[in-house]
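What follows is a single structure, written as structure tokens, with notes after it.
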Amino acid sequence: MPVKVATWNVNSLNVRFPQVLEWLAGERPDILCLQETKLVDARFPVAELAAAGYQSFYHGQPTYNGVAILSRRAPEAVCCGWPDGTDGQARLCAASFGAVRVVNVYVPNGQSVDSDKYPYKLQWLARLRAFVAEELRRWPQLLLVGDFNIAPDARDVYDPVAWGEGILCSPAERAALGHLLDLGLHDAYRSLHPETREWSWWDYRAAAFRRNQGLRIDLILASTPLLARAQAVVIDGGARAAARPSDHAPVSITLGDEV
DNA sequence: ATGGTAGGCTCCCTA
């Protein structure tokens with residue numbers, strides 16, 4: 001049976017919960033990774049998701065950030081945050097489903113290249129690389145998914161000249177993404193669609209969605225054995241057109257059976 | 001004209 005894995009920055013699971021339930025019912029993914037749940041763990045809607053057929057693994061905090069993995073089957077070998085527990089921001093969690101490892105990230109936005117949040121973003125990406133290198137050692141079949149807050153290259157930006165080398169597009173961020181890919185990961189959407197220009201995020205401001213001014217910053221990075229199984233990678237822009245939408249669209253990958 | 005909107009332990013901060 002093919003396996004469908006999705007990622008979605010929901011910008012508050014509390015507000016977006018009806019849309020998440022509707023999307024799960026319509027798309028029926030095996031696994032859905034969420035970012036920006038903005039929920040403390042005590043308020044995670046475990047029972048409602050169980051009624052919809054999904055188990056919940058979640059790592060939240062008040063007000064900001066928050067990641068979760070919803071899955072039809074039980075997650076194994078779960079972990080959240082850095083192994084040494086030093087980062088106070090809830091941006092990372094991982095779980096295994098048989099041989100497939102799923103690492104879910106909400107990469108810091110960085111705000112602007114001259115913000116103090118920018119070096120924090122670069123440092124966070126360097127730590128992520130070290131973490132994923134260890135994960136790959138144990139689980140060669142790995143998906144690194146989430147909101148990367150990095151547009152990989154000019155094809156992923158509606159107006160690459162206007163965005164220039166600003167936040168989400170700066171050379172250091174793109175180099176950090178390149179260092180992740182150097183571990184043996186592949187941008188699954190771009191591997192299957194070499195030239196297509198599609199976006200996964202549109203700013204709430206300036207009527208960006210109506211004008212289709214977006215960036216592709218929500219990514220699924222697949223290790224080589226999983227890329228070989230990739231049958232489809234879909235960005236569901238329809239979800240962004242819904243009433244009271246998240247500013248991000250869900251992205252999903254369908255993996256065929258192992259040969 | 002450096003704008004605009006959305007969310008949250010909301011009167012500021014993050015995105």
Side-chain angles (χ1 to χ4, degrees), chain A residues 7-23 32-45 48 58-68 81 87-93 104-125 128 145-152 156-170 172-174 176-177 199-219 235-251:
Chain A
T7 176
W8 195 3
N9 179 325
V10 291
N11 185 23
S12 170
L13 184 57
N14 191 40
V15 171
R16 228 64 65 195
F17 193 55
Q19 282 136 277
V20 169
L21 284 179
E22 186 183 356
W23 197 82
L32 174 60
C33 296
L34 301 175
Q35 304 87 37
E36 281 205 271
T37 55
K38 297 185 175 179
L39 276 184
V40 292
D41 290 345
R43 292 186 58 205
F44 203 88
E48 296 92 330
Y58 43 91
H59 175 44
Q61 66 175 84
T63 311
Y64 303 118
N65 310 314
V67 286
D87 194 323
Q89 301 190 7
R91 297 180 176 275
L92 169 68
C93 67
N104 178 24
V105 296
Y106 174 46
V107 175
N109 174 284
Q111 202 162 67
S112 69
V113 295
D114 52 9
S115 164
D116 57 2
K117 296 185 180 67
Y118 181 69
Y120 177 79
K121 178 180 194 173
L122 296 178
Q123 178 198 48
W124 199 92
L125 286 162
L128 179 64
V145 314
D147 177 0
F148 283 73
N149 272 313
I150 302 169
D156 304 306
V157 182
Y158 76 93
D159 186 345
V161 174
W163 281 73
E165 298 188 346
I167 198 68
L168 313 187
C169 301
S170 71
E173 293 168 74
R174 286 175 167 165
L177 178 61
W199 325 129
S200 68
W201 168 79
W202 300 257
D203 201 307
Y204 281 124
R205 296 165 291 187
F209 183 68
R210 181 175 58 74
R211 300 194 280 180
N212 198 26
Q213 297 181 337
L215 279 72
R216 190 175 68 89
I217 58 176
D218 299 270
L219 309 177
I235 304 175
D236 183 7
R240 183 64 175 83
R244 210 170 182 199
S246 168
D247 46 350
H248 295 254
V251 184

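Below, all heavy atoms of this structure are taken into account, side chains as well, without hydrogens, waters or symmetry copies. The chains referred to below are lettered A, B, ... by the order of the sequence lines, with proteins before strands, and numbering in each begins at 1.
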* Asked: For B:dA6, does either OP1 or OP2 sit under 4.0 Å from a side-chain N or O belonging to A:R16?
  ->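 So the side chain of A:R16 is outside the cut-off, no N or O lying under 4.0 Å from OP1 or OP2 of B:dA6.
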
* Can you find a side chain N or O atom of A:R205 that sits less than 4.0 Å from OP1 or OP2 on B:dA15? -> no

Calculate the interatomic distance between [X] atom [atom1] and [N] atom [atom2]; express it in whole Å.
X      : N      : atom1 : atom2 : result
A:Q89  : B:dT14 : CD    : C1'   : 11 Å
A:L168 : B:dT14 : CG    : P     : 16 Å
A:N109 : B:dT5  : CG    : P     : 19 Å
A:L39  : B:dC9  : CG    : P     : 8 Å
A:D203 : B:dT2  : CG    : P     : 17 Å
A:D114 : B:dT2  : CG    : C1'   : 14 Å
A:N11  : B:dT14 : CG    : P     : 15 Å
A:W201 : B:dG4  : CH2   : C1'   : 12 Å

When rounded to the nearest Å, what value does the distance between [atom1] atoms of [N] and [M] take?
N      : M      : atom1 : answer
B:dG4  : B:dT14 : C1'   : 16 Å
B:dT10 : B:dA15 : C1'   : 15 Å
B:dC9  : B:dT5  : P     : 22 Å

* Roughly how far, to the nearest 0.5 Å, is OG1 of A:T7 from CG of A:L32? ->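 Taking CG in A:L32 and OG1 in A:T7, the distance rounds to 7.5 Å.
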
Minimum-distance nucleotide (side-chain atoms of [X] versus [options]):
X      : options              : value
A:Y204 : B:dC13, B:dT5, B:dG4 : B:dT5
A:R244 : B:dC9, B:dG7, B:dT14 : B:dG7
A:A206 : B:dG8, B:dG4, B:dC9  : B:dG4
A:T63  : B:dG4, B:dA15, B:dG8 : B:dG8

* To do: Using only heavy-atom distances, determine whether the side chains of A:W8 and A:D218 contain a donor-acceptor pair under 3.5 Å.
  =>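 Result is no, nothing qualifies.
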
* Asked: Any luck finding a side-chain donor-acceptor pair between A:S12 and A:N14 under 3.5 Å?
  -> no

* When all nucleic acid strands are considered with a 4.0 Å heavy-atom cut-off, which category describes A:R91: base, sugar-phosphate, or nothing? ->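 Sugar-phosphate only.
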
* To do: Name the nucleic acid region contacted by A:Y106, choosing base, sugar-phosphate or nothing; use a 4.0 angstrom heavy-atom cut-off, strictly under.
  =>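 Touches sugar-phosphate only.
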
* Asked: According to the interplanar angle, ranging from 0 to 90°, do the rings of A:Y58 and A:F44 count as parallel (below 30°), tilted (30 to 60°) or perpendicular (above 60°)?
  -> parallel

* To do: Using heavy atoms to find the nearest nucleotide of DNA chain B for A:Q111 and A:V15 separately, return the residue whose nucleotide is more 5′.
  => A:V15

* **First of A:T37 and A:G110 reached from the 5' end of DNA chain B, by closest nucleotide** =>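 That would be A:T37.
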
* Asked: At their closest point, which heavy atom of A:N9 faces which heavy atom of A:Q35, and how far apart are they?
  ->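 Taking every non-hydrogen atom into account, N-OE1, 3.2 Å.
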
* Test side chain to side chain contact (heavy atoms under 4.5 Å, CB included) on A:L219 and A:L177 and set out the steps. => CA-CA 11 Å; A:L219 309 177; A:L177 178 61; 4.1 Å; yes

